[in-house]
Amino acid sequence: MEEENSLIEQRRANLAALREKGIEPFANKFTPDETCAGARVKYEEGREFSLAGRMTAFRTMGKSIFLDIRDGSDRMQVYAQKNALGDEAFEVLKKLDLGDFIGVKGTMFTTRTEEITLKMAEFTVVGKALRPLPAKWHGLSNIETRYRQRYLDLIANDDVKQVFYKRSTIIREIRDFMHERGFIEVETPTMQAIPGGAAAQPFVTRHNALGCEFYLRIALELYLKRLLVGGMDRVFEIGRNYRNEGISPRHNPEFTMLEAYQAFGDYETMMELLESMITRVAEKVVGTLVIEHRDAEGNVTRTIDLTGPWRRVKYKDLIREKGGADWFDVTQDERRKRAIDLGAEIGPDYMDYEVTNGLFEKLIEPTLIQPTFVTHLPKELIPLAKLTPDDPTTIEVFECCINGQEIAPAYTEQNDPVAQREALQNQAGEEQQKLDEDFLVALEHGMPPAGGIGIGIDRLIMMLLGQESIRDVLLFPQLKPKTTAAE
RNA sequence: GGGUUGGUAGCUCAAUGGUAGAGCAGCGGCCUUUUAAGCCGUUGGCUGUGGGUUCGAGUCCCACCCGACCCA
């Protein structure tokens with residue numbers, strides 16, 4: 001991709017000019033004494049140290065120059081004077097381009113306008129920029145460029161960078177929380193011969209040496225349960241799942257999921273786990289349990305109150321609330337008619353439970369803004385959970401909805417290998433799923449009763465940070481590749 | 001897959017079918033405490049791609065590419 005313009009040509013010429021003077025503007029190493037933020041905190045008039053970063057502003061004033069340096073921590077103003085640097089160095093400095101990385105050594109002082117500034121004694125060019133950066137004032141707003149060239153987005157938009165810094169903190173806090181609870185972190189295969197643990201279209205890949213196809217995993221579940229069989233009583237994994245389905249503001253083909261399994265727990269154990277985890281993370285990272293989402297103008301569009309205890313409500317009760325108290329007593333045809341009348345999208349080949357679930361997903365879930373544990377789903381929806389003893393048409397599960405989205409499903413895990421085989425076989429009939437015999441053999445060796453949970457990390461972060469699109473919490477959201485010049 | 005909508009200078013945006021412009025930055029001057037520095041001057045365009053209509057297309061029509069939002 002040899003695209004050229006005058007700005008790039010000029011920078012290449014500046015690079016050549018530096019080399020002609022014997023200056024190599026791509027350093028192997030430059031170790032600054034301080035970060036911008038660190039230096040600011042340790043301010044002391046006349047203190048000498050070095051900084052390194054990208055030059056993001058350049059204000060020449062004849063025989064002196066003010067420039068800004070930015071590193072990962074902050075920004076720092078640097079002041080250069082011709083008679084302090086010497087004529088030759090001063091000329092080189094004047095020829096640098098915005099965006100160049102430089103190292104600067106100097107002493108601290110405060111300007112007339114009371115800005116902490118480094119007075120330059122010497123400088124080194126450590127990484128020249130051959131392309132111009134987005135304008136400092138207008139920033140970068142073209143959404144496609146922001147996603148395709150996220151590095152420019154990070155340079156131009158500090159609030160974007162803050163989102164990803166916070167994402168990192170959220171995940172670290174979650175990890176800490178799990179470790180405190182005695183869970184150990186594991187890694188299981190992302191390439192699986194049989195993609196199980198969820199109903200979703202997988203991506204296919206091929207292993208040449210083994211001469212067979214593999215699928216990218218759609219869930220972590222079945223391997224983590226094998227570990228329960230193996231005596232690892234509390235395990236979790238934070239990992240990528242891949243689903244070969246549509247892309248939307250809520251769906252990316254690869255997304256991050258935390259799954260955790262606790263032997264001798266059940267779905268209620270997982271409720272406590274989730275509520276404690278999320279409230280603690282919110283307090284630590286956002287600093288409040290009352291999360292406000294705002295529109296572009298800054299008006300609050302939604303307020304989510306994470307203060308516990310969170311609402312618990314049975315799936316059937318929510319359905320009756322929306323679809324009529326007699327919803328489960330009328331005929332299947334009547335249910336179908338009501339669902340359509342209410343505005344749910346019901347396919348002609350939907351089974352009865354799918355009609356009801358269409359009502360849930362389309363008309364109920366989006367209204368669950370405040371944290372809600374929806375419990376006791378119909379057994380047809382999830383084959384991997386145990387039946388509810390006093391209502392065997394349902395299972396001991398919850399789906400935790402917040403912000404109108406499902407954030408975390410959890411089950412009392414099925415540990416009866418015979419019942420598990422039956423449930424999977426019934427489901428395998430309608431989906432294209434193959435039976436994971438190896439998993440069933442593991443169960444036959446005995447699995448402790450357990451609670452398990454899956455947490456959609458990206459959606460959780462959207463909720464906590466007030467982001468409306470999953471693309472804004474993923475550094476590199478999936479986009480269609482731009483057609484390259486070569487075929 | 002369908003609907004709506006967008007793609008113009010490095011960035012942010014203008015331009016009744018009639019010479020493609022501005023601000024920023026870039027380039028050249030002046031300026032030793034500025035900070036969206038200032039003042040003077042100035043370069044920069046295959047208007048996403050390919051066709052068509054027209055005396056004339058950024059603008060109208062068709063197809064395609066890449067986004068965004070909504071729907072399936």
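Throughout, a chain's letter reflects where its sequence line sits, starting with A, and its residues are numbered from 1.
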Using 30° and 60° as the class boundaries, would you call the ring planes of A:Tyr79 and A:Phe109 parallel, tilted or perpendicular? tilted

P gap between B:C66 and B:C46, integer Å: 22 Å

Does any N or O in the side chain of A:Arg150 come within less than 3.5 Å of the main-chain N or O of A:Leu474, such that one atom is a donor and the other an acceptor? yes

How many whole angstroms separate atom CG of A:Leu118 from atom P of B:U34? 18 Å

Think A:Ser141 has a side-chain N or O under 4.0 angstrom from the OP1 or OP2 of B:C13? yes

For a quick check of understanding: with a heavy-atom distance under 4.0 Å over all strands, which category does A:Leu7 fall into, base, sugar-phosphate or nothing? base

Taking atom C1' in both B:A25 and B:C11, what distance in whole Å separates the two? 8 Å

Applying the side-chain hydrogen bond (donor to acceptor under 3.5 Å, both in side chains) test to A:Asp97, which of A:Lys128, A:Arg11, A:Arg131 qualifies? A:Lys128

How is A:Leu98 classified with respect to the nucleic acid when contacts are heavy atoms under 4.0 Å: base, sugar-phosphate, or nothing? sugar-phosphate

5′-ward residue of the pair A:Arg11/A:Arg75 relative to RNA chain B: A:Arg11

Opposite nucleotide pairing with B:U4, Watson-Crick or G-U, both atom distances under 3.5 Å: B:A68

I'd like the C1' distance from B:G1 over to B:C60, given in whole Å. 28 Å

Could you tell me whether A:Asp326 and A:Arg338 make a salt bridge, using a distance below 4.0 angstrom between a side-chain N and a carboxylate O? yes

Before you tell me yes or no, could you show the steps for A:Tyr315 and A:His376 under side-chain contact (heavy atoms from CB on, under 4.5 Å), namely the whole-Å CA-CA distance, both residues' side-chain angles and the distance that decides it to 0.1 Å? CA-CA 6 Å; A:Tyr315 179 89; A:His376 301 90; 5.5 Å; no

Identify the nucleotide, in any strand shown, that forms a Watson-Crick or G-U wobble pair with B:G45, with both distances under 3.5 Å; if there is none, say none. none

If we take the P atom in both B:G41 and B:G56, what is their distance in whole Å? 39 Å

Work out how far the P atom of B:G17 is from that of B:C69, and round it to whole angstrom. 30 Å

Ignoring hydrogens and angles, tell me if any N or O in the side chain of A:Arg54 forms a donor-acceptor pair with the backbone of A:Ile102 under 3.5 Å. no

Within this structure, what is the CG-to-C1' distance between A:Asp100 and B:G26, rounded to whole angstrom? 14 Å

Below 4.0 Å: OP1/OP2 of B:C71 and any side-chain N or O of A:Lys362: no

Whole Å only: how far is the CD atom of A:Glu9 from the P atom of B:C27? 14 Å

Could you identify the nucleotide paired to B:G23, looking across every strand shown and requiring Watson-Crick or G-U wobble geometry with both distances under 3.5 Å? B:C11

Between A:Gln478 and A:Ala84, which is nearer to the 5' end of RNA chain B once each is assigned its nearest nucleotide? A:Ala84

Strand-adjacent residues in residues 49-68 of chain A, judged by heavy atoms under 4.0 Å from RNA chain B: A:Arg59, A:Thr60, A:Met61, A:Gly62, A:Lys63, A:Ser64, A:Phe66

Quick one: does A:Asn83 reach the base of B:U32 with a side-chain donor-acceptor pair under 3.5 Å? yes

Please report, rounded to the nearest Å, how far the P atom of B:C64 is from the NZ atom of A:Lys480. 12 Å

Would you call A:Glu91-A:Lys94 a salt bridge at under 4.0 Å N-O? yes

Would one find a side-chain N or O of A:Arg148 under 4.0 angstrom from OP1 or OP2 of B:C66? no

Write down the distance between CG (A:Leu479) and P (B:C69), rounded to a whole number of angstrom. 11 Å

Please work out if A:Gly139 contacts a base, only the sugar-phosphate, or nothing of the nucleic acid, heavy-atom cut-off 4.0 Å. sugar-phosphate

Is the closest basic N to carboxylate O distance between A:Asp333 and A:Arg336 below 4.0 Å? no

Donor-acceptor contact present, side-chain A:Asp33 to main-chain A:Ser50, <3.5 Å: yes

Measure distances between side-chain N and O atoms of A:Gln77 and base N and O atoms of B:U34, and say whether any donor-acceptor pair falls under 3.5 Å. yes

Rounded to whole angstrom units, what separation is found between the CD atom of A:Glu468 and the P atom of B:C70? 10 Å

Residue matched to B:G38 through Watson-Crick or wobble contacts both under 3.5 angstrom: B:C30

Gap in Å between the two C1' atoms, one belonging to B:U53 and one to B:A63, rounded: 15 Å

Tell me whether the side-chain N/O atoms of A:Arg112 come closer than 4.0 Å to OP1 or OP2 in B:U34. yes

Provide, to the nearest angstrom, the distance between the CD atom belonging to A:Glu115 and the P atom belonging to B:A37. 11 Å

Starting from C1' on B:C70, measure out to NE2 on A:His251 and report it in whole angstrom. 15 Å

By the 4.0 Å heavy-atom rule, please label A:Arg471 as base, sugar-phosphate, or nothing. sugar-phosphate

Using Watson-Crick or G-U wobble geometry with both distances under 3.5 Å, which nucleotide pairs with B:G18? B:C55

